[in-house]
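Ligands are counted one by one from 1 in listed order, and the atoms in each one are counted from 1 as well. Everything quoted here is computed from the prediction, not taken from an experiment.
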Amino acid sequence: MKIEKQNLILDLHRIGALKFGEFKLKSGASSPFYIDLRSIISYPEIVKNIVSLLKSEISNCKFDVITGIPYTALPLAAQLSLELNTPLVYQRKEVKAYGTGKLIEGHFKQGQTCLIIDDLITTGESKFEAAEAMEQAGLTVHDFVCLIDRSYNGSEVLAKQGYQLISIVTVADMIEVLTTKGLLDAQLASKVSDFVNQPVEKPQLSLSQRLRETKAPLTRKLMETILRKKSNLILSLDVEDTKTFFEILDATGPEIFMVKTHVDIIKDFRGDFVPRLKGLAEKYDFLIFEDRKFADIGSTVRKQFRSGVHRIAEWAEYVTVHMIAGEAILDGLFGDLEVPRSGFLLARMSAKGNLISETYTRQVIEIGKSRKACVSGYIGHGVNAEDIKRLRNKIPQDQLLLMPGVNLDSGGDGLGQQYLSVESAIEGGADAIIVGRGIIASENPAIEAKRYRDSGWKAFKSRDEQYAK
Ligand code: 5BU
C-alpha cells in the first residue's frame with residue numbers, strides 16, 4: 001500500500017474520524033466501527049494528501065466536470081477542480097423556490113461527462129441518487145471515486161448499472177495499517193472484518209417466514225390470501241361497463257388473490273355494483289383493491305375516500321396513495337375510520353418518462369416504514385430484475401411490493417406503458433404481479449388468467465424455496 005494511503009489512515013484515526021467500539025447505526029443495527037469524515041476540512045494537510053491521492057487514482061478516468069456529493073465531499077471536489085483546472089458543478093440539497101430553481105449549480109454543456117467524488121460508500125444507494133441528478137441535468141456519469149469503501153459489494157452493485165467505482169482505501173486497508181501500528185487489537189479487527197464481509201442485503205425470507213414477522217392485520221391478510229389461494233396474481237380490471245366487469249371477474253376469480261379496480265372508469269356504476277363485487281370476492285376468496293391514487297391534502301382525500309358516488313372506503317380494503325402531498329395524507333385517509341383499511345404507496349411507476357426520482361422513492365419508503373399499521377406496501381417497477389432488487393432491498397420484509405406493468409407477450413402499449421416479464425418482476429423481489437390488458441384484452445380471460453397465475457406462482461415458489469433455505 002502506498003505510504004500516502006497509510007498516512008491517510010493514520011491521520012484519520014488520529015483526528016477521530018475512524019472510531020472503533022460499538023456504535024448504533026441509523027438502520028438500528030450495531031456496528032463495531034464508525035467513520036465520520038465531516039471534520040477533515042479542518043486539517044489542510046490531510047486534505048492536501050487526499051487531493052493528491054484522488055489525483056493519482058483518477059489518472060485513467062475521462063471527464064469534463066467534477067462534482068462532490070454534499071456536504072463532506074464537496075470541498076474535496078473543489079480542491080481537486082483547482083488542482084486539475086477542471087470545472088466544478090454541484091447538486092443543491094434543496095431546489096430553491098425562487099430564482100432559477102436549478103438543481104445543479106455551475107456551467108456545463110449537455111452530454112459532458114461528470115466525475116463524482118464521495119467520502120464513503122456503504123450500499124451505493126446515495127451514489128445512484130447523485131448519478132441520477134447529474135444525468136437528469138444532461139451530464140453523463142461513468143466513474144465514482146470514494147475515499148473509503150466500507151461496502152460489502154459496492155463496486156459490483158454500481159458495475160451492474162454501468163458505473164465504475166474507484167476507492168482510495170478499503171476497510172481491509174484500515175485494519176492492516178492500524179493493527180500493524182498497534183492501534184487496533186486483533187479481536188476488534190476481526191469483528192470489523194466480519195462486519196464488512198456480511199452482505200448488506202438482509203437475509204431474504206420466504207413469505208410464510210415473513211408472515212410470522214408481520215403484525216399489521218391487513219398486511220397479514222394479503223400474505224395469508226396469497227398463500228392460501230396459491231396465487232400472487234392481481235387482476236387489473238380496467239373495463240368501462242359493469243356487464244363486462246362481472247363477466248371477466250366471474251371467469252377469472254378462481255385464479256386471482258386480489259382484484260384491482262379503477263371504479264371511476266365504470267360508466268354504469270349503480271348501487272348493486274358493490275354487493276355484486278363483494279359477493280364474487282367472497283365466492284372466489286379474493287381481496288378488493290381500488291387503484292384510486294389519492295394525492296391531495298388530508299381533508300380532501302378523506303372526502304374522496306369516504307364520500308361521493310363511490311364511497312370507496314366502504315368496500316375497498318386496499319387503495320393506492322401518492323405521497324407527493326406528504327405524510328398527512330395517511331392521516332386523512334386512514335385516521336378515524338371505523339373499518340380497517342390499508343394503503344399501497346407509489347414508490348416507482350411503470351410509465352415512461354415519469355417524474356419519480358431515486359430520492360423520492362427512498363423518501364416514500366421511509367414514510368411507509370414508519371406507518372406500517374396503515375401501509376401494507378408499495379407499488380414499484382424497474383427496468384430489470386437487478387434494478388427491482390435494489391428497490392426491494394429498501395423495503396422491509398413485513399411489507400409487500402406489488403408490480404404493475406407486467407406482460408407475458410408485450411413490451412409496451414404505445415402510450416408509455418413499459419412491460420416487464422413475469423420472471424424478472426418476481427426474481428427482482430415483487431411479491432405480486434398486477435396484470436390488466438394481458439388478461440382482459442385477450443380472447444379468453446379465464447385461460448390467460450390461469451397462464452399468468454401459473455407463471456407467477458411458479459416463479460414465486462422457486463424464489464421462496466431459495467429464500468427459505
Ligand atoms: P395493464 O393493462 O397491465 O398495462 O394495466 C396496468 C394497471 O396498473 C393499470 O390499471 C394502471 O393504472 C396500473 N399501473 C401501472 O400500470 N403502472 C404504474 O406504475 C401504476 C399503476 Br402505479
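Atom 7 (C) of ligand 1 has as its closest protein heavy atom S236 OG, 3.3 Å. Scanning the protein heavy atoms around atom 12 (O) of ligand 1, the nearest turns out to be H262 NE2, 3.0 Å. Taking atom 22 (Br) of ligand 1 as the reference point, the nearest protein heavy-atom neighbour is L346 CD2, 2.8 Å. Among all protein heavy atoms, the one lying closest to atom 19 (O) of ligand 1 is S350 N, 2.7 Å.
Cation-pi geometry between R292 and F294 is satisfied (NZ or CZ under 6.0 Å from the ring centre, within 45° of the ring normal). Under a cutoff of 6.0 Å and an axis angle of 45°, R38 and Y71 do not form a cation-pi pair.
The only member of R210, K372, K215 that meets side-chain hydrogen bond (donor to acceptor under 3.5 Å, both in side chains) when paired with D398 is K372.
Taking the six-membered ring where the residue is Trp, F334 and F305 present perpendicular rings, their angle passing 60° and hence far from 30°. Using bins of under 30°, 30° to 60° and over 60° for the plane-to-plane angle, the ring pair Y284/F286 lands in the parallel bin.
For ligand 1, the atoms sitting less than 4.0 Å from at least one non-hydrogen atom of I379 are 22 (Br), numbered in the order shown with element in parentheses. Those atoms of ligand 1 with a heavy atom of Y419 less than 4.0 angstrom away are 1 (P), 2 (O), 3 (O), 4 (O). Atoms of ligand 1 found under 4.0 Å from any heavy atom of D238 (numbered from 1 in listed order, with element): 9 (C), 10 (O). For ligand 1 and R437, the ligand atoms under 4.0 Å from any heavy atom of the residue are 1 (P), 2 (O), 3 (O), 4 (O). Proximity to K293 (heavy-atom distance under 4.0 Å) selects the following atoms of ligand 1: 12 (O), 21 (C), 22 (Br). Heavy-atom contacts of K260 reach the following atoms of ligand 1: 7 (C), 8 (O), 9 (C), 10 (O), 13 (C) (cutoff under 4.0 Å).
Between Q417 and ligand 1, an N or O atom pair is found at a separation short of 3.5 Å. Checked by distance only, ligand 1 and G436 come closer than 3.5 Å through their nitrogen or oxygen atoms.
A donor-acceptor distance shorter than 3.5 angstrom exists from the side chain of T320 to the backbone of K293, with no hydrogens or angles considered. Judged by distance alone, the side chain of D119 and the main-chain N or O of T72 form no donor-acceptor pair under 3.5 Å.
For Y163 and H142, the ring centers sit 6.0 Å or farther from each other.
Counting heavy atoms under 4.0 Å from ligand 1, residue D291 touches it through the side chain alone.
For the residue pair S350/Q418, the side-chain donor-acceptor check at 3.5 Å is not satisfied. A donor-acceptor pair shorter than 3.5 Å can be found between the side chains of K260 and S236.
Not a single heavy atom of H381 lies less than 4.0 angstrom from ligand 1.
In this structure, of P404, A347, G438, the residue bringing a heavy atom nearest to atom 14 (N) of ligand 1 is P404.
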